[in-house]
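Quick caveat, the model's predicted, so the values are computed rather than measured. Each chain gets a letter, A, B and so on, in the order its sequence line appears, and its residues count up from 1.
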Number of protein chains: 2
Amino acid sequence: MIRLSRLSDYGIVLMTRLAREPARALPASVLAQESALSPAMTGKILKLLARADLLVSQRGVHGGYALARAPERITIAEIIEALDGPIALTSCLRPTAEGCGIESVCPARTNWQRINQAIRDALAGVTLAEMASPPRNFGPAPSASPRRAAAPARDPAGLVITSLGAK
Amino acid sequence: MIRLSRLSDYGIVLMTRLAREPARALPASVLAQESALSPAMTGKILKLLARADLLVSQRGVHGGYALARAPERITIAEIIEALDGPIALTSCLRPTAEGCGIESVCPARTNWQRINQAIRDALAGVTLAEMASPPRNFGPAPSASPRRAAAPARDPAGLVITSLGAK
DNA sequence: CGAAATAGAACCGATATGGTTCCATTTCAA
DNA sequence: TTGAAATGGAACCATATCGGTTCTATTTCG
């Protein structure tokens, strides 16, 4: 159901926490505690984010993690990509041959890119700063965003945004 | 990695095929063959789409499936919702209590909606008609779309849209 | 030197997903 | 009227993936 992996979910929470004090470096232990995540998971995620150059790390006794860039310059898309790999909505866009066997026929073939592009833009249009800053009062968007989907309040199909855990 | 389930993937392919001849009703068997999908899978998917009122079905010997509405009035979001349930990007938005345990603390809490809204809009902004009609020449959008994410061609973070199967 | 931290890899269990199979029902035509 | 062609619906299964843990190595400072 187009769901975000837990990894990315948690990752965004952690990054958002760090974005509240972009200057300070916090150790994984306190990030874990403040975010109510297990230290193990937290460590794993932070390592991945650091390897993707979204965080800088300091080892040793007073070490920790800090954002590698200003929160305004980090997008949700980057975080997700760092934790879960490339954003791919379909298997149809295989780069080369050995595709789905109906490349020449598949009517949707060329247009998958529309969907991927739309999602990509949506995710790249939300910055960490936006996630962190205005706790509420989400209205016409703080205009801090580079460029967003217009996002009129209409509810086209009654999509219910609800829990993942709902079994 | 924010991936579309195979169900939705296939579903979109099938719907797109049907959108090419919105008037005609095609039996599952030919849809399966033309889309290179197993008859079983195809049947399953079409049944789900019919139950969601995106397709109308005709039983009996000369039966088949046809779009329930004009392709311009069916969005990708609807198809995905029909096949994979509600579009949910995070487990954080639990409707009621028993949440993640840090509701009051979680810095990202209120802003998850930004992401969900962005994705939702992106998906609801792509219609079946767009997926089916102009085989190529995707540029300023045929303006048939109700309202799209502006989708400038820039590549913000070098996201690679690639295969799912890549193990 | 030792404690506190990150780096990195391997490992494991559950479950969700892709896919199939079976049976019931409807419809039409020979 | 009977049977073939189609959809409706549910149950079932296997495996890949994902969430999560554990263990070890390395760095850094007091």
Side-chain angles (χ1 to χ4, degrees), chain A residues 1-11 13-14 18 24-33 35-66 68 80 83-85 88 90-91 100 163-167, chain B residues 1-11 13-14 18 24-33 35-66 68 80 83-86 88 90-91 100 164-167:
Chain A
M1 74 205 83
I2 292 213
R3 51 178 255 285
L4 204 58
S5 73
R6 289 264 165 94
L7 230 60
S8 291
D9 184 338
Y10 299 161
V13 170
L14 292 170
L18 282 168
R24 270 182 70 194
L26 298 176
S29 54
V30 346
L31 285 170
Q33 195 162 351
S35 304
L37 299 176
S38 86
M41 263 273 85
T42 305
K44 181 182 189 172
I45 293 170
L46 292 171
K47 288 168 197 170
L48 287 171
L49 290 170
R51 210 184 314 187
D53 288 322
L54 294 179
L55 294 179
V56 289
S57 64
Q58 171 65 29
R59 293 169 81 155
V61 68
H62 285 133
Y65 294 92
I80 294 174
L83 294 175
D84 287 319
T90 172
S91 51
C100 57
S163 162
L164 269 184
K167 184 176 299 179
Chain B
M1 72 205 84
I2 291 215
R3 51 178 254 285
L4 205 59
S5 73
R6 290 263 166 96
L7 229 60
S8 290
D9 184 339
Y10 300 160
V13 170
L14 293 170
L18 281 168
R24 268 182 72 194
L26 299 176
S29 55
V30 346
L31 286 170
Q33 195 161 350
S35 303
L37 299 175
S38 86
M41 264 270 84
T42 306
K44 182 181 188 173
I45 293 169
L46 292 172
K47 288 168 198 169
L48 287 171
L49 290 170
R51 209 183 315 187
D53 289 322
L54 293 179
L55 294 179
V56 289
S57 64
Q58 172 65 28
R59 295 170 80 155
V61 69
H62 285 133
Y65 293 92
I80 293 174
L83 295 175
D84 288 319
T90 172
S91 51
C100 57
L164 268 184
K167 181 176 299 180

Expressed as a whole number of angstroms, how long is the span from I80(B):CD1 to dT17(C):P? 14 Å
Using a heavy-atom distance cut-off of less than 4.0 Å, which residues of residues 47-62 of chain B contact DNA chain D? K47(B), R51(B), S57(B), Q58(B), R59(B), G60(B), V61(B)
Does G63(A) or K44(A) map to a spot on DNA chain C nearer the 5' end, using the closest nucleotide for each? G63(A)
Please output the side-chain donor-acceptor pairs of residues 50-66 of chain A that fall under 3.5 Å, not counting sequence neighbours, one pair per line with the distance.
none

Counting heavy atoms from C-beta on, name the nucleotide in dT21(D), dG19(C), dT7(D) closest to the side chain of P27(B). dT7(D)
Atom CG of L46(A) and atom C1' of dG8(C) are separated, to the nearest Å, by 14 Å
Report the distance from atom CE of M41(B) to atom CG of L14(B), rounding to the nearest 0.5 Å. 10.0 Å
Taking every heavy atom of L83(A) against every heavy atom of S8(A), the minimum-distance pair comes out as CD1-CA, 3.7 Å
Which residues satisfy the side chain to side chain contact (heavy atoms under 4.5 Å, CB included) test with S29(B), sequence neighbours excluded? P27(B)
What one should report as the nearest heavy-atom pair of L7(A) and D84(A) is CB-OD1, 3.9 Å
Whole-Å distance between dT6(C) C1' and L18(A) CG? 14 Å
Within this structure, what is the CG-to-C1' distance between L31(B) and dA6(D), rounded to whole angstrom? 13 Å
From L31(A) atom CG to Q33(A) atom CD, the distance as rounded to the nearest 0.5 Å: 10.5 Å
Roughly how many Å is it from CZ in R24(A) to P in dA5(C), rounded to a whole number? 13 Å
Does S29(A) reach a base, just sugar-phosphate, or nothing at all? Heavy atoms under 4.0 Å. nothing
Base, sugar-phosphate, or nothing: which does G43(A) touch, judged by heavy atoms less than 4.0 Å apart? nothing
What one should report as the nearest heavy-atom pair of A32(B) and P39(B) is CB-CA, 3.9 Å
Report for the helix from dC1(C)-dG30(D) to dA30(C)-dT1(D): angle between first-end and last-end helix axes, five pairs each, rounded to 10 degrees. 10°
Measuring to OP1 and OP2 of dG19(C), would you say a side-chain N or O of Y10(B) lies under 4.0 angstrom away? yes
On the nucleotide dA5(C), are OP1 or OP2 found under 4.0 Å from the side-chain N or O atoms that Y65(A) carries? no
Hey, could you give me the CG/CG distance between L18(B) and L46(B), rounded to the nearest 0.5 Å? 7.0 Å
Starting at atom CG of L83(B), determine the distance to atom C1' of dA16(C), rounded to an integer number of angstrom. 16 Å
Please state how far atom CG in L37(A) lies from atom P in dT21(D), giving the value in whole angstrom units. 10 Å
Measure from CD1 on I45(B) to C1' on dA10(D) and round the result to the nearest Å. 17 Å
